[in-house]
Amino acid sequence: MESNKQRVVITGLGITCAIGNNKEEVLKSLYEGKTGVGKITLFEAEKLTSDMFGEVKADIPYRVRELDKPSRMEILTDRLIDQLLEDSGITAEEIDSLDERAIMSMATSVGSNTHLIEYTSDIAEGKYIPQRFADYPKYMVKPFQDKLKIGGQYFINNSACSAGTTAICTAFSKIRSGECDLAVVVGIDPATEFSTYGFNSMKNMNKGVCTPFDKNRTGINLGEGGAILLLESYEHAKERNANILAEVYGYGIGNDAYHRTSPDPTGEGAYRTMKMALKDAGLKPEDIDYVNAHGTGTEHNDAMELKAMEMLFEGNKEKPVVGSTKDLTGHCLAAAGMVEAAFCVMAINDKKVWGNNHLTEAEDTENAELLNKPYRDKNVRYAMSNSFAFAGHSSSIIIGQCG
Amino acid sequence: MKDLYILDAGCISSLGDSMDSCWENIGSEVELEKNYDFEVNMPPKLKRSSDRFSKMYMSVLEKLVNNNKETLEKYPAERIGTIFSSEYGPVTTNLLFAREVLEKEPEICSPAKFSNTVANACVGIACIDHGYKGVSTMLQGSNSLSFSEDLINEDKADLIFSAFADEYSEEVVKALHDAGDEPRNYSENCSIFLVGNENFKDQSICSIKKMVNMNLGSNTKENEATNERRIRKCIERCLSDGKPVDAVLHTSTDDRIGKLETRIMKDMFPEVPVSGKANKLVGDIMGSSINMNLVLGTMCLKKKELNDKLFDGVKASCKRILVTGYDILGNYSCVLLEA
């Protein structure tokens with residue numbers, strides 16, 4: 001490594017999604033292969049092509065109409081922050097003392113729309129509450145300004161389904177370059193009719209639990225939730241005696257330049273992005289033990305992704321295990337990459353790889369193993385987590401044991 | 001961090017749709033609080049399916065691509081990046097789709113409209129039209145240049161189009177006014193910079209010597225001491241090489257932060273031409289002022305002199321300028337440009 005580059009480690013984790021409201025609950029569900037996707041209870045879905053959704057199982061209101069009360073998004077964010085403080089052992093005062101050397105990097109898509117959606121409901125009901133709409137972007141950053149007092153730059157990634165992974169990439173770059181010592185990285189997207197109706201209009205929702213990489217797959221399930229990670233420079237983590245969970249080694253991002261909503265079926269874009277990640281990390285394809293795939297359960301994404309991985313891992317003596325966890329959580333949109341990065345950290349710490357839980361007839365692969373069970377014991381030296389999005393965006397990150 | 005080089009810049013603003021027209025029109029009467037006219041050439045299918053927000057980027061990008069064709073053609077598509085940002089995003093389209101959802105009839109919801117509600121649709125359209133397959137993402141905010149700097153320094157790209165846009169929305173502006181926001185006259189803006197590494201030094205307008213960003217925290221009276229400390233620290237760190245600047249360009253809005261920054265600039269730069277007039281001449285850019293200020297700063301360096309209408313009659317040569325701006329998320333940016 002060049003002498004002026006900092007190593008970047010993960011020293012705290014929080015998570016809330018359809019399969020659990022904290023690390024322990026989520027881990028238990030991963031072991032059991034227990035899906036959190038089921039009939040949605042938060043809103044009426046009988047007119048939609050599917051009522052299946054990965055809901056967070058918590059007593060949090062779906063919609064909050066009072067302006068002075070926190071929205072579902074804000075409550076979920078607050079809970080993640082609390083989990084992070086507990087898990088990492090860092091305090092808000094310590095973060096505050098870093099001033100501009102602590103940054104925030106966030107991923108969200110509909111999260112930023114929560115107040116916009118309520119504003120349109122107000123108008124439809126003959127009300128007009130301008131404060132709700134005027135300040136809507138600010139609500140996302142308030143918890144990090146007020147509770148954590150983060151004084152450095154705030155990044156919010158809006159690249160749809162690749163946002164979560166890319167949010168980690170941005171933070172990684174900032175710490176690696178020495179611009180900052182610490183980054184709170186969070187990805188969160190709450191359930192909304194906005195996104196559900198939107199995906200319903202695309203006609204790719206699964207009527208049952210989705211089956212990523214299955215030959216007979218028929219579409220996605222949506223999900224909600226989020227995850228939060230504390231990234232630090234290795235030096236800073238050692239100074240405060242932090243418990244290091246994993247290390248971030250490198251990333252790739254790119255664009256297919258192919259279609260507004262469909263991925264390039266050749267897999268070239270995804271392949272380039274994964275190669276960039278490996279190059280950035282100084283690793284070879286055979287170093288990857290586990291891939292948490294984007295694996296949405298759609299015909300196009302999964303076919304493309306497998307093609308890309310077949311190209312990437314061709315010639316490897318040992319095949320990496322490839323799994324998609326979206327059949328457990330649903331597709332958490334911008335938060336998906338963060339949730340799945342958290343799963344990679346858990347895989348590394350528990351020495352497991354997470355498989356595919358709903359495969360009946362797996363797609364044929366030569367260079368990657370589609371594990372057909374919840375998990376397998378494996379010493380994961382390096383894990384790769386991939387995310388592919390509308391507008392051709394792709395993102396791949398490599399997380400591994402602390403070297 | 002190595003210097004980043006600005007090869008070219010383009011914009012849509014109240015002053016016009018190019019750096020040159022902005023320079024000529026500074027000081028002339030401008031219309032604010034409206035959508036500006038612009039032309040865009042796109043393949044018909046792509047044009048039909050794009051909303052105005054995306055077309056703003058496309059219009060500016062098209063000019064930059066045409067003006068820099070020779071340079072761009074030397075590099076493979078995988079090495080040309082697109083890092084875009086916006087504060088409010090495609091808010092008009094999002095309002096339209098939200099209203100369709102309110103009808104509670106899924107069949108009336110348009111998939112084409114939904115695909116334009118995602119903030120990154122604009123980047124996808126740009127990449128599809130121009131074939132750029134390099135590093136790419138969409139940020140909510142104004143800090144596309146900051147991330148572009150990392151990507152260039154990490155050798156993940158040779159050239160990046162770093163873009164910002166916020167479309168004028170009557171509904172957002174009315175809400176801002178009615179919510180009791182301090183009075184402003186808003187204008188929309190799209191600013192795009194073509195940036196590269198030191199290989200482009202000779203053909204660049206200027207370099208970005210240093211970029212420092214902090215979050216000011218909540219914009220409240222109680223937090224004013226923190227706001228001030230961070231603004232000063234940001235400026236000091238940006239000028240840590242100890243060399244003097246020829247001018248400072250900031251945005252003296254009439255709100256709390258604007259007044260605070262104006263006072264700090266007077267205090268820190270008593271001998272240097274300081275302009276806080278950008279927002280008076282251009283309008284308060286929706287969401288964030290930094291990128292339009294950078295366009296104006298870049299123009300000063302391209303012309304090698306200060307614009308006397310921007311700098312209160314001061315006509316002086318300019319090789320080094322400090323540009324600042326802040327956004328609705330609380331990010332405060334100081335950028336040191338040098339010719």
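Here is the naming used below: chain letters follow the sequence lines, and residue numbers restart at 1 for every chain. Treat the numbers as computed from the prediction; the structure is a model and nothing was measured.
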Asker: For B/Glu154, which atoms come within 4.5 Å of any heavy atom of chain A: side chain, backbone, both, or neither?
Answerer: side chain

Asker: Name the region of B/Thr117, side chain, backbone, both or neither, that has any atom closer than 4.5 Å to a heavy atom of chain A.
Answerer: side chain

Asker: Would you check if B/Cys127 and A/Tyr258 make a side-chain contact, meaning some heavy-atom pair closer than 4.5 Å?
Answerer: no

Asker: Heavy-atom pairs under 4.5 Å with chain B: which of A/Lys142, A/Lys174, A/Glu44 has the most?
Answerer: A/Lys174

Asker: Is it the backbone or the side chain of B/Leu102 that comes under 4.5 Å from a heavy atom of chain A, or both, or neither?
Answerer: side chain

Asker: Using heavy-atom distances under 4.5 Å, tell me whether B/Val118 contacts chain A through its side chain, its backbone, both, or neither.
Answerer: side chain

Asker: Would you say that A/Phe133 contacts B/Asp178 through its side chain, given a criterion of any heavy-atom pair below 4.5 Å between the two side chains?
Answerer: no

Asker: With only heavy atoms counted, which part of A/Arg132 is less than 4.5 Å from chain B, the side chain, the backbone, both or neither?
Answerer: neither

Asker: Quick check: do A/Tyr119 and B/Leu95 have side-chain heavy atoms less than 4.5 Å from each other?
Answerer: yes

Asker: Find out whether B/Ser218 and A/Asp146 are in side-chain contact, i.e. whether some heavy atom of one side chain is under 4.5 Å from a heavy atom of the other.
Answerer: yes

Asker: May I ask you to check whether B/Asn213 and A/Tyr154 show a side-chain donor-acceptor distance below 3.5 Å?
Answerer: no

Asker: Side chain, backbone, both or neither: which part of B/Tyr332 has an atom under 4.5 Å from a heavy atom of chain A?
Answerer: neither

Asker: Give, as side chain, backbone, both or neither, the part of A/Ser173 having an atom under 4.5 angstrom from any heavy atom of chain B.
Answerer: both

Asker: Does any backbone or side-chain atom of B/Asp129 lie under 4.5 Å from a heavy atom of chain A? Answer side chain, backbone, both or neither.
Answerer: neither

Asker: Does B/Ile128 offer a backbone N or O that forms a donor-acceptor pair with the side chain of A/Arg260 under 3.5 Å?
Answerer: no

Asker: By a 4.5 Å heavy-atom criterion (distance strictly below it), what part of A/Ser109 contacts chain B: side chain, backbone, both, or neither?
Answerer: neither

Asker: Is B/Ser50 in contact with chain A via its backbone, its side chain, both, or neither, using a 4.5 Å heavy-atom distance?
Answerer: both

Asker: Would you mind checking which part of B/Ile108 comes under 4.5 Å of any heavy atom in chain A, side chain (CB onward), backbone (N, CA, C, O), both or neither?
Answerer: neither

Asker: Check the pair B/Lys233 / A/Glu100 against side chain to side chain contact (heavy atoms under 4.5 Å, CB included), numbers first and verdict last.
Answerer: CA-CA 9 Å; B/Lys233 191 172 188 182; A/Glu100 82 279 8; 2.9 Å; yes

Asker: Nearest 0.5 angstrom please: B/Cys234 SG to A/Gln153 CD, how far?
Answerer: 9.0 Å

Asker: Can you tell which part of B/Ser86 gets under 4.5 Å to a heavy atom of chain A, answering side chain, backbone, both or neither?
Answerer: neither

Asker: Out of B/Asn153, B/Asn116, B/Thr82, which one racks up the most heavy-atom pairs below 4.5 Å with chain A?
Answerer: B/Asn116

Asker: Identify the two heavy atoms, one from A/Ala391 and one from B/Ala121, that lie closest to each other, and give their separation to 0.1 Å.
Answerer: CB-CA, 4.1 Å

Asker: More than 12 non-hydrogen atoms from neighbouring residues, nucleotides or ligands closer than 6.0 Å to NZ on B/Lys104, yes or no?
Answerer: yes

Asker: Can you check side chain to side chain contact (heavy atoms under 4.5 Å, CB included) on A/Asp256 and B/Lys133, steps first, answer last?
Answerer: CA-CA 6 Å; A/Asp256 278 4; B/Lys133 296 180 179 179; over 6 Å; no

Asker: Say whether, by atom type as modelled, one donor and one acceptor occur between the side chain of A/Asn158 and the main chain of B/Asn120 under 3.5 angstrom.
Answerer: no

Asker: For side-chain hydrogen bond (donor to acceptor under 3.5 Å, both in side chains), just list the numbers for B/Thr137 and A/Asn157, CA-CA rounded to whole Å, side-chain angles, deciding distance to a tenth of an Å, and then say yes or no.
Answerer: CA-CA 8 Å; B/Thr137 199; A/Asn157 198 290; 3.0 Å; yes

Asker: Which region of A/Met140, side chain (C-beta onward) or backbone (N, CA, C, O), has a non-hydrogen atom less than 4.5 Å from a non-hydrogen atom of chain B, or is it both or neither?
Answerer: side chain

Asker: Does any heavy atom of chain A fall under 4.5 Å from the side chain of B/Asp150, the backbone, both, or neither of them?
Answerer: side chain

Asker: Please tell me whether B/Phe114 and A/Phe199 form a close aromatic pair, meaning their ring centres lie under 6.0 Å apart.
Answerer: yes

Asker: Counting heavy-atom pairs closer than 4.5 Å to chain A, which one of B/Met1, B/His130, B/Lys156 comes out on top?
Answerer: B/Lys156

Asker: Run B/Leu216 and A/Gln145 through side chain to side chain contact (heavy atoms under 4.5 Å, CB included) and show every step you take.
Answerer: CA-CA 8 Å; B/Leu216 300 182; A/Gln145 290 173 326; over 6 Å; no

Asker: Please name the pair of heavy atoms, one in A/His393 and one in B/Met138, separated by the smallest distance, quoted to 0.1 Å.
Answerer: CE1-N, 4.3 Å

Asker: A/Pro137 and B/Leu329: which non-hydrogen atoms are nearest, and at how many Å?
Answerer: O-CD2, 3.5 Å

Asker: Do the side chains of A/Lys47 and B/Glu105 get close enough for a salt bridge, i.e. N-O under 4.0 angstrom?
Answerer: yes

Asker: Looking at every heavy atom in both A/Thr261 and B/Ser115, which two are closest together, and how far apart are they?
Answerer: CG2-CB, 3.8 Å

Asker: Hey, are B/Arg229 and A/Asp99 close enough for a salt bridge, meaning a charged N less than 4.0 Å from a carboxylate O?
Answerer: yes

Asker: Sort B/Asn331 into side chain, backbone, both or neither according to what part of it lies under 4.5 angstrom from a heavy atom of chain A.
Answerer: side chain

Asker: Once rounded to the nearest 0.5 Å, what's the spacing between atom CZ of B/Phe97 and atom CD1 of A/Ile117?
Answerer: 10.0 Å

Asker: Please assess B/Leu139 against A/Ile156 for the test side chain to side chain contact (heavy atoms under 4.5 Å, CB included), listing each intermediate value before the final yes or no.
Answerer: CA-CA 6 Å; B/Leu139 299 171; A/Ile156 299 178; over 6 Å; no

Asker: With no hydrogens and no angle check, do the side chains of B/Glu100 and A/Tyr197 hold a donor and an acceptor under 3.5 Å apart?
Answerer: no

Asker: How close do B/Asn94 and A/Phe194 get, counting heavy atoms only, and between which atoms?
Answerer: OD1-CZ, 3.2 Å

Asker: Can you name the closest pair of heavy atoms from A/Ala134 and B/Ala179 and give their distance?
Answerer: CB-CB, 3.9 Å

